[in-house]
Protein chains: 2
Amino acid sequence: MVETKHPHIVVLGAGFGGLEFCKNFDDPNARITLVDRTNHHLFQPLLYQVATAGLSAPEIAQPVRAILRNQQNVTVLLDTVVDFNLAEKKVILQDSVLEYDYLVLALGSCTSYFGHPEWEEHAPGLKSLEDALHIRSNILMAFEKAETEPSPDTHDRLMRIVVVGGGPTGVELAGAFAELARHVLRSDFRRIDPAQAHVILIEAGPRILPTFSPELSVSGQKQLEALGVEVRTSTMVKNISEGRLDLANGETIHAGNIIWAAGVSATSLTRKLGVELDRAGRVKVNPDLSIPAHPEVFAIGDMALVPQPGGKPVPGVSPAAMQEAKLVARIISDDLAFRGAVKRPAFKYWDKGTMATIGRSAAVAQVGKFEFSGFIAWLAWLIIHLIFLVGFRNKLAVLFQWFYGYITYRRGARIIIEYPSQASSVPRSSPLTTAPKG
Amino acid sequence: MVETKHPHIVVLGAGFGGLEFCKNFDDPNARITLVDRTNHHLFQPLLYQVATAGLSAPEIAQPVRAILRNQQNVTVLLDTVVDFNLAEKKVILQDSVLEYDYLVLALGSCTSYFGHPEWEEHAPGLKSLEDALHIRSNILMAFEKAETEPSPDTHDRLMRIVVVGGGPTGVELAGAFAELARHVLRSDFRRIDPAQAHVILIEAGPRILPTFSPELSVSGQKQLEALGVEVRTSTMVKNISEGRLDLANGETIHAGNIIWAAGVSATSLTRKLGVELDRAGRVKVNPDLSIPAHPEVFAIGDMALVPQPGGKPVPGVSPAAMQEAKLVARIISDDLAFRGAVKRPAFKYWDKGTMATIGRSAAVAQVGKFEFSGFIAWLAWLIIHLIFLVGFRNKLAVLFQWFYGYITYRRGARIIIEYPSQASSVPRSSPLTTAPKG
């Protein structure tokens, strides 16, 4: 499949890293094949808003083909990576085999249960649209069940949501669940009071948002508590079973929903590369982001362990993945143009700061030495996410949903969708074919 | 559960009929319990746009609780009807039993395969959000598979979509699929040309849109053919198996997707009522819409067979369901106020007309003796559907999607969502927790 005149670059993964590579690599003589197992780029930073019924799935996802429609040198393939043959420069997909001259690995990370994969079914993580819709249905269904539940104990359990993990995702989920119950559902139920909903955020370390400054951790915790979230730091999870969380201190919490936001690891496919990995399964790359002994193979984003002068590796965040993608695009371009005569530069991460939103007018942000919290941080968060959300239509749609939600305190995606389809014992009563008329 | 001072009215189904009853019945002394097996009212007339990737699911669905939040006499219950005990005035639900003084049956219809339930898995119908998302994923996936398919025969099969049934739903689906392939996907694929997609509409009768005038049938067919749809009338289906349609004339059509829009019947629950049904399973109601021998039980909407003076029964369309709901609300109010001293009026259907959309600027409409087609009919269709769509947020969101789609020829919901979740062999490469920064 490789034509000598047109070098073939295979990119695996259409997340922030993979897409940014395609956008930045513009050598018209090279062909790119971009492989992803879904048909869309997912804007993960807003995934928690799908899980908490604020946005609909298509509003944060954009078809990969539509994003790259004008880049004629890119072919998009919907397929799943199965294995690698680095010696013969081949990637084995489920439906085909691709030969490459250069390979860019941007396969990302998955939810990690730290050696307890059996917890997954009782405490789902949040990595895909399917995960988000699953969590949304479960939470809304728990409130529906509570509405008719006669036993007070079961009722309280149904109204309890535990979020495990005090990083940005855990904080964002806990805050959004608390707001959903307090503001949004309040007037909709007759027998239960959704304001009784009890959201607990559990963090093993001494403070939430550990990558932020201690002051912002305190501010974040206060903002969460103002929404009614119970924040429990220095709390270790010992076991998770159906609707039940056992803590290391002997305590047991019963909850209708348990969400896992405590950790991620690199895709398990890294184990098939035959190179050194760290404990989280990440590939230890060279300073130019190539993998050891294979200058034609690069790993970027969450699946790469990129060393930094200070000792701490580059964090697994989207700006890092995008900066890495740009460097790899430049290195491959130079390689092709100068036949390896140019020395490859080393990757240098530019930390633009981090932020996490907590709720309505509540957030924390850290940019270099500057720290913000409350309304200003929240406004900055909104604007930055709208700017980076892929697709003009999605920007407008999300802006509209946020504006409408801010004014009315309501959420636009409170729809329980069941999969697989239920038996049709109670079909809908509206007609199939004809429109109402005025 | 029945308090003598506060009569209890149980309404089954939150479609157009059930909701309209709740909105129109305002006796503060009576309690209403509205039961549905989903948490949302579905605006079925726009369901085909979810199936054809134009709209997202939450844009045409509204939580029942949110619609009725201000009607304190209404309790909403998410539950599934299992059986009836009309003698003891009880409805048996999956999780509880409801006693009633009055019962309003508004359970609607389901897809009917005319005695061939085994066709359902090969030719899904379109009645629920799950159905629509399933069809959307299947169609988009067929194009993705065609992109890498080496065999010309298989390629052609994947690019072929058959819609069975030439009523308004079949016409709307066929037109929308043709447009999806012709305009929307054209520039997104490299190897296939989605404009090669072959959409076939099959109708057993001599003309499509048989409830419209012959002139509008001709106009509708011409508008479909202008979009590239192959319209085949007087064509009977003999058998359907996986990807294969056998016609009565001996011909066989192979297609990547077969959609069934050829018929509906009343919910199968009508069989548990012990009253006379017609061939489509509809309840033969009295002129006041009560069922025989039970003046306290009413059936409305698609599940009721309502006779008309002319001979033809009232059609199964949403305006009919809503008009019936209003009459039943008035009858029960009068019953309660005057203790049965008032003679019940008979239902009289006011036919406001029918319309079907075919594509961009293409539609047919019939209002009494007036007939419209083309742009004017299409514009009327847009406006009327926006007016009747439940929820102000949804009206604005759908208006935005339509306007944007009209200008750009793109669709906003081209997202394949897989259920149940795929094995996570290729996780997404974007980070979970941190926002990109500007």
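Keep in mind it's a predicted model, so treat the numbers as computed, not measured. So you know, we letter chains A, B, ... as the sequences are listed, proteins then strands, and number each from 1.
If you tally non-hydrogen atom pairs under 4.5 Å between each of B/M303, B/Q62, B/Q72 and chain A, the highest count goes to B/Q72. Looking only at heavy-atom pairs under 4.5 Å with chain B, the residue among A/I387, A/I67, A/L396 that has the most is A/L396. Looking only at heavy-atom pairs under 4.5 Å with chain A, the residue among B/V76, B/D188, B/L77 that has the most is B/D188.
The nearest pair of heavy atoms linking A/I416 to B/H40 is O-CE1, 3.3 Å.
Between A/I415 and B/L129 there is a side-chain heavy-atom pair separated by less than 4.5 Å. Taking 4.5 Å as the limit, some side-chain heavy atom of A/Q401 sits within range of a side-chain heavy atom of B/R393. Residues B/R65 and A/E147 are in side-chain contact: their nearest non-hydrogen atoms beyond the backbone lie under 4.5 Å apart. B/K145 has its side chain out of reach of A/D95: every pair of non-hydrogen atoms, C-beta onward, lies at least 4.5 Å apart.
Interface remark: A/E59 contributes side-chain atoms only to the contact with chain B (heavy atom separation under 4.5 Å). Within the 4.5 angstrom heavy-atom criterion, only side-chain atoms of A/T148, from C-beta onward, approach chain B. Residue contact with chain B, scored on non-hydrogen atoms closer than 4.5 Å, involves the backbone and the side chain of A/F392 alike. Using a 4.5 Å cut-off between heavy atoms, A/L68 contacts chain B through its backbone alone, with no side-chain atom that close. Interface remark: A/A57 contributes side-chain atoms only to the contact with chain B (heavy atom separation under 4.5 Å). Using a 4.5 Å cut-off between heavy atoms, A/V74 touches chain B through its backbone atoms (N, CA, C, O) alone.
Shown here are the side-chain contact (heavy atoms from CB on, under 4.5 Å) partners of A/A325, two or more places apart in sequence or in another chain: A/E20, A/F21, A/I300. For A/R136, there are no side chain to side chain donor-acceptor pair (under 3.5 Å) partners at least two apart in sequence or on another chain.
Summarising the geometry, atom CD belonging to B/E144 is positioned 10.5 Å from atom CG belonging to A/D79; distances are rounded to the nearest 0.5 Å. Rounding to the nearest 0.5 angstrom, the gap separating the CD1 atom in B/I417 from the CD1 atom in A/I417 is 7.5 Å.
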